[in-house]
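In what follows, a single structure is set out as structure tokens and then discussed.
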Amino acid sequence: MAAIASINAKQLGPFAAAIATLTADDTITIDRTRKQLLVFRNTTAGALTVKIDGDAGTTVAVPGVGSVDVSAGLSIPVGIGASVAVVLSTVDAYCKGVVHLTGAAGLTAQLFNL
């Protein structure tokens with residue numbers, strides 16, 4: 001398990017943006033004081049699905065719906081040659097506690113602090 005480091009994107013001009021290759025189980029640190037953009041790229045020969053799963057995510061109350069179970073995490077498919085991004089504050093219910101990225105070994109990821 002590796003910790004994916006965030007990249008400070010509040011800089012002027014070009015800056016280094018390290019790319020991490022995911023293993024079977026990696027973690028990210030959520031910084032609730034920053035807007036964070038998580039970008040996945042699939043350079044493998046097969047479609048992959050990454051799961052974002054905070055270990056403290058259980059249920060969330062959704063107006064008009066009731067309780068929604070988020071304990072299984074959020075699955076994000078990334079097709080062959082595709083790139084998919086998610087602003088983490090928009091999926092906050094899945095990002096409680098220690099946040100794991102699982103199920104997509106070989107996918108690359110970048111976590112930008114905007």
Side-chain angles (χ1 to χ4, degrees):
M1 174 174 14
I4 306 301
S6 61
I7 301 162
N8 178 11
K10 282 199 140 190
Q11 301 184 47
L12 297 176
F15 57 91
I19 299 171
T21 301
L22 299 182
T23 64
D25 184 0
D26 300 283
T27 60
I28 56 174
T29 300
I30 302 299
D31 181 348
R32 300 202 189 289
T33 66
R34 305 287 294 272
K35 180 180 264 187
Q36 291 184 295
L37 178 68
L38 183 57
V39 180
F40 299 106
R41 288 181 193 82
N42 186 353
T43 59
T44 71
L48 295 171
T49 299
V50 62
K51 184 185 293 186
I52 298 176
D53 189 13
D55 66 1
T58 55
T59 60
V60 63
V62 177
V65 177
S67 285
V68 175
D69 185 357
V70 296
S71 62
L74 175 66
S75 293
I76 300 174
V78 185
I80 300 168
S83 178
V84 176
V86 60
V87 174
L88 293 177
S89 61
T90 66
V91 294
D92 183 64
Y94 298 95
C95 298
K96 305 291 185 195
V98 178
V99 179
H100 294 263
L101 305 175
T102 62
L107 207 63
T108 64
Q110 291 174 295
L111 176 59
F112 293 96
N113 286 339
L114 306 175

query = If every non-hydrogen atom of Ile76 is compared with every non-hydrogen atom of Val86, which pair is closest and at what distance?
reply = CD1-CG1, 4.3 Å
task = Go through the steps to decide whether Leu48 and Val50 satisfy the test side-chain contact (heavy atoms from CB on, under 4.5 Å), and finish with yes or no.
result = CA-CA 7 Å; Leu48 295 171; Val50 62; over 6 Å; no
Shortest non-hydrogen contact from Pro77 toward Thr49 = CA-OG1, 3.8 Å
message = Among residues at least two apart in sequence or on other chains, which ones pass salt bridge (charged side-chain N to carboxylate O under 4.0 Å, His left out) with Lys96?
response = Asp92
Joint hydrophobic cluster, Val91 plus Leu107, side-chain heavy atoms closer than 4.5 Å = yes
Spacing of CG belonging to Leu101 relative to CG belonging to Asp53, to within rounding of 0.5 Å = 9.5 Å
query = When hydrophobic residues are tied together by side-chain contacts of less than 4.5 Å, even through go-betweens, does Ile7 share a cluster with Ile28?
reply = no
task = Following the transitive rule for hydrophobic clusters with a side-chain heavy-atom cut-off under 4.5 Å over Ile, Leu, Val, Met, Phe, Trp and Tyr, establish whether Ile19 and Phe15 coincide in one cluster.
result = no
note = The side-chain hydrogen bond (donor to acceptor under 3.5 Å, both in side chains) partners of Asp55 (sequence neighbours excluded) come to none
message = Minimum heavy-atom separation for Ile52 and Cys95, please, with both atom names.
response = CG2-SG, 4.1 Å
query = By side-chain contact (heavy atoms from CB on, under 4.5 Å), which residues pair with Thr33, not counting sequence neighbours?
reply = Asp31
request  = Please report the shortest heavy-atom distance between Ile4 and Leu111, naming the atom on each side.
outcome  = O-CD2, 4.5 Å
query = When rounded to the nearest 0.5 angstrom, what distance separates CG in Leu88 from CZ in Arg32?
reply = 9.0 Å
ask   = Hey, quick one: are Val98 and Val60 part of the same hydrophobic cluster, counting side-chain heavy atoms closer than 4.5 Å, chains of contacts allowed?
value = no
query = Can you check whether Ala72's main-chain N or O pairs, donor with acceptor, with Lys51's side chain at less than 3.5 Å?
reply = yes
task = Please report the shortest heavy-atom distance between Gln36 and Asn113, naming the atom on each side.
result = NE2-OD1, 2.8 Å
ask   = Judged by atom type as modelled, is there a donor-acceptor pair below 3.5 Å linking the side chain of Ser83 to the main-chain atoms of Phe40?
value = yes
query = Out of curiosity, does Ile30 fall in the hydrophobic cluster containing Leu22 (side-chain heavy atoms, cut-off under 4.5 Å, transitive links)?
reply = yes
query = Which heavy atom of Ala9 sits nearest a heavy atom of Leu114, and at what distance?
reply = CB-CD2, 3.9 Å
inquiry  = Looking at Ala82, is its backbone amide N or carbonyl O close enough to the side chain of Asn42 to form a donor-acceptor pair, meaning the two atoms are under 3.5 Å apart?
reply    = no
